[in-house]
Amino acid sequence: GCLSGAVPENPNVASFIPIVHGCDKFCTFCIIPYRRGRENSRSAFEIIHEAEMLVARGVKEITLLGQNVDSYGHDLRPRMDLADLLEQVNDISGLERIRFLTSHPNDMSIRILEAVRDLPKVCETINLPFQAGDDTILANMRRGYTSGQYLEKVALIKEMMPEVSLTTDLIVGFANETDEQFERSMDILRAVEFEKVHISEYSYREGTFASRKMSDDVERAVKKARKVTVDELQREIQGRKNAVLIGQKYDVLVEGRKRGRLHGRNRGDKLIYLNVPDGLGVPVPQAGDTVHVEITDSSPYSLEAGLLKVESKVKKEKVPVV
């Protein structure tokens, strides 16, 4: 089971809070509703208390988690929704950033989008899985929307937040998926140009509807080839989109070291490695510091940046870099 509200003594600068457990969607490929049960939202009081404890222990960024996070609060009385919770978390003193995932296209309401757009601490990043681009496959998955309806939701999001960072989830090789149906998934990837795509090869899960009623008949080699095709397209898209960021300036929340190098993320959730000059008397940023940087180089998966100034979480003073 889960120990709800258990707060680590030394949490990461960017930490997570589950806000709703279980799922009511019953997608045919998913075991979550059978293993974790129906959706059960935690009270806002409990979530806010946990968030405040995390912030008191040094957390600067919180991600609100749920299998279908957008459905938060529908089972609470009095009823509330994710937008209400975001407003309350936004008011927590000392917290700098808020994110949430994973969303379902059918529950991504205009009110939630307005909260993302208008609340200063909520980052303009949205993970919106489409899972497949073909309407027959989507119906077999019981996703509850068509590819056209998904693209309409994407268009609405981009209209409300032109600088939004969109990521998605995609399953390749679902039961009976043909080459032509897979190509419709590729069409959506080309049309939207996501910042990141989480790709899964469909796999049999005992107890799911698909395991009882559908045949896992796409050969493993075909699934792997389709995954490689998506990876290659996405690498090109991410490489091109990251390259145009060279010269741009961002505030980056330092999270720590990865492979011996300082790294952090901007509001758009870009992984940024920091180049710290030696011998200039500039303090080395620490986890929890906010640094202002200029992007100097890029790859499809990360960015390089030079420091412009540091805002220490301890001294709260800006230090110019020569």
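- Between Y273 and the choices K258, R259, R257, the side-chain hydrogen bond (donor to acceptor under 3.5 Å, both in side chains) rule is met once, by R259.
- Taking every heavy atom of both residues into account, I295 and A305 meet most closely at CD1-CB, 4.0 Å.
- Interatomic distance, CG of D91 versus CD of E52, reported as 10.5 Å (0.5 Å rounding).
- S103 and N127 form no side-chain donor-acceptor contact under 3.5 Å, judged by distance and modelled atom types alone.
- The list of ring pair (Phe, Tyr, Trp, His ring centres under 6.0 Å) pairs with a residue in residues 159-179, not counting sequence neighbours, reads F174-Y202.
- Side-chain atoms of E96 never come within 3.5 Å of backbone atoms of G94 as a donor-acceptor pair (strictly under, hydrogens ignored).
- The stretch residues 219-228 participates, sequence neighbours left out, in these salt bridge (charged side-chain N to carboxylate O under 4.0 Å, His left out) pairs: E177-R226, D179-R226, E201-K224, D216-K223, K227-D231.
- Between the OG1 atom in T229 and the CD1 atom in I199 there is a gap of 10.0 Å [rounded to 0.5 Å].
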Passes side-chain contact (heavy atoms from CB on, under 4.5 Å), T146 versus Q149? Steps please. CA-CA 5 Å; T146 65; Q149 290 169 331; 3.3 Å; yes

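- Side chain of S147 to backbone of D134: no donor-acceptor contact under 3.5 angstrom is found.
- Listed by first then second residue, pairs satisfying side-chain hydrogen bond (donor to acceptor under 3.5 Å, both in side chains) with a partner in residues 112-124 read E124-R267, not counting sequence neighbours.
- For H104, the ring-ring contact (aromatic ring centres under 6.0 Å, His included) partners at least two apart in sequence or on another chain are Y145.
- Side-chain atoms of H292 and D251 form a donor-acceptor pair, as typed in the model, at a separation below 3.5 Å.
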Could you give me the CA-CA distance, side-chain angles and deciding distance for K60 and L95, then say whether side-chain contact (heavy atoms from CB on, under 4.5 Å) is met? CA-CA 5 Å; K60 299 293 183 179; L95 182 63; 5.8 Å; no

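- Partners of F182 under the ring-ring contact (aromatic ring centres under 6.0 Å, His included) rule, at least two apart in sequence or in another chain, do not exist in this structure.
- The number of heavy atoms from other shown groups lying within 6.0 Å of CG (L156) is above 12.
- Both V55 and I98 are part of a single hydrophobic cluster, where members link through side-chain heavy atoms under 4.5 Å apart.
- Here salt bridge (charged side-chain N to carboxylate O under 4.0 Å, His left out) pairs that include residues 145-155, with residues two or more places apart or in two chains, number zero.
- Scanning all heavy atoms of the two residues, the minimum distance from T28 to T208 falls at O-CB, 3.3 Å.
- Just one of V20, V122, L85 meets the side chain to side chain contact (heavy atoms under 4.5 Å, CB included) condition when paired with L64; it is L85.
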Let me see the working for D269 and T125 under side chain to side chain donor-acceptor pair (under 3.5 Å), right down to the final yes or no. CA-CA 7 Å; D269 204 32; T125 58; 6.0 Å; no

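- Enclosure of atom NE2 in H198 by more than 12 non-hydrogen atoms of other residues, nucleotides or ligands within 6.0 angstrom is indicated.
- If you take CE on M160 and CD1 on I126, they are separated by 8.5 Å, rounding to the nearest 0.5 Å.
- For C23 against N68, the heavy-atom pair with the smallest separation is SG-CB, 4.5 Å.
- To the nearest 0.5 Å, atom CZ of residue R265 and atom CG of residue L253 are 10.5 Å apart.
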Might you work through the side-chain contact (heavy atoms from CB on, under 4.5 Å) test for L170 and S185, ending with a clear yes or no? CA-CA 8 Å; L170 170 64; S185 294; 3.8 Å; yes

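- Counting only N and O atoms by type, the side chains of N176 and D217 include a donor and acceptor under 3.5 Å apart.
- Residues passing the salt bridge (Lys or Arg N to Asp or Glu O under 4.0 Å) test with R57: none are found, sequence neighbours excluded.
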Would E304 and R261 satisfy salt bridge (charged side-chain N to carboxylate O under 4.0 Å, His left out), going step by step from the backbone distance to the final call? CA-CA 11 Å; E304 300 270 342; R261 300 188 61 194; 2.7 Å; yes

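- Scored by the side-chain contact (heavy atoms from CB on, under 4.5 Å) test, D24 finds R38, E39, H74 as partners (sequence neighbours excluded).
- The NZ atom of K158 lies 11.0 Å from the CD atom of E163; values are rounded to the nearest 0.5 Å.
- Without hydrogens or angle criteria, Q234 side chain to F194 main chain gives a donor-acceptor distance under 3.5 Å.
- Pairs passing the salt bridge (charged side-chain N to carboxylate O under 4.0 Å, His left out) check and including a residue from residues 66-75, sequence neighbours excluded, do not occur.
- For the atom pair L138 CG and R184 CZ, the distance stands at 11.0 Å (nearest 0.5 Å).
- Hydrophobic clustering (ILVMFWY, side-chain heavy atoms < 4.5 Å, transitive): I112 and M161 are in one cluster.
- Relative to the ring axis of F29, R205 does not place its NZ or CZ within 45° and under 6.0 Å from the centre.
- Here the side chain of R42 pairs a donor or acceptor atom with the backbone of P18 at under 3.5 angstrom.
- No continuous path of hydrophobic side-chain contacts links L271 to L307 [ILVMFWY only; heavy atoms under 4.5 Å].
- The shortest heavy-atom contact between V276 and P285 is CG2-CD, 4.0 Å.
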Checking L82 against F100 for the side-chain contact (heavy atoms from CB on, under 4.5 Å) test, could you report, in this order, the C-alpha distance in whole Å, the side-chain angles of both residues, the deciding distance, and whether it holds? CA-CA 9 Å; L82 180 62; F100 60 93; 3.8 Å; yes

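- Side chain of T168 to backbone of F130: a donor-acceptor contact under 3.5 angstrom is found.
- Nearest heavy atoms, Y150 versus P105: CD1-CG, 3.7 Å.
- Looking at every heavy atom in both residues, N242 comes nearest to Y301 through ND2-N, 4.1 Å.
- Judged by distance alone, the side chains of Y204 and E206 do bring a donor and an acceptor atom under 3.5 Å apart.
- The salt bridge (charged side-chain N to carboxylate O under 4.0 Å, His left out) contacts involving residues 186-196 comprise E183-R190, D187-R190, E193-R240, E195-K241, E195-K270, where partners must be two or more places apart or lie in separate chains.
- Listed by chain and number, the hydrophobic cluster partners of L65 are F16, L101, where partners are ILVMFWY side chains within reach of under 4.5 Å, directly or through others.
- With sequence neighbours excluded, the residues that form a ring-ring contact (aromatic ring centres under 6.0 Å, His included) with F26 are Y34.
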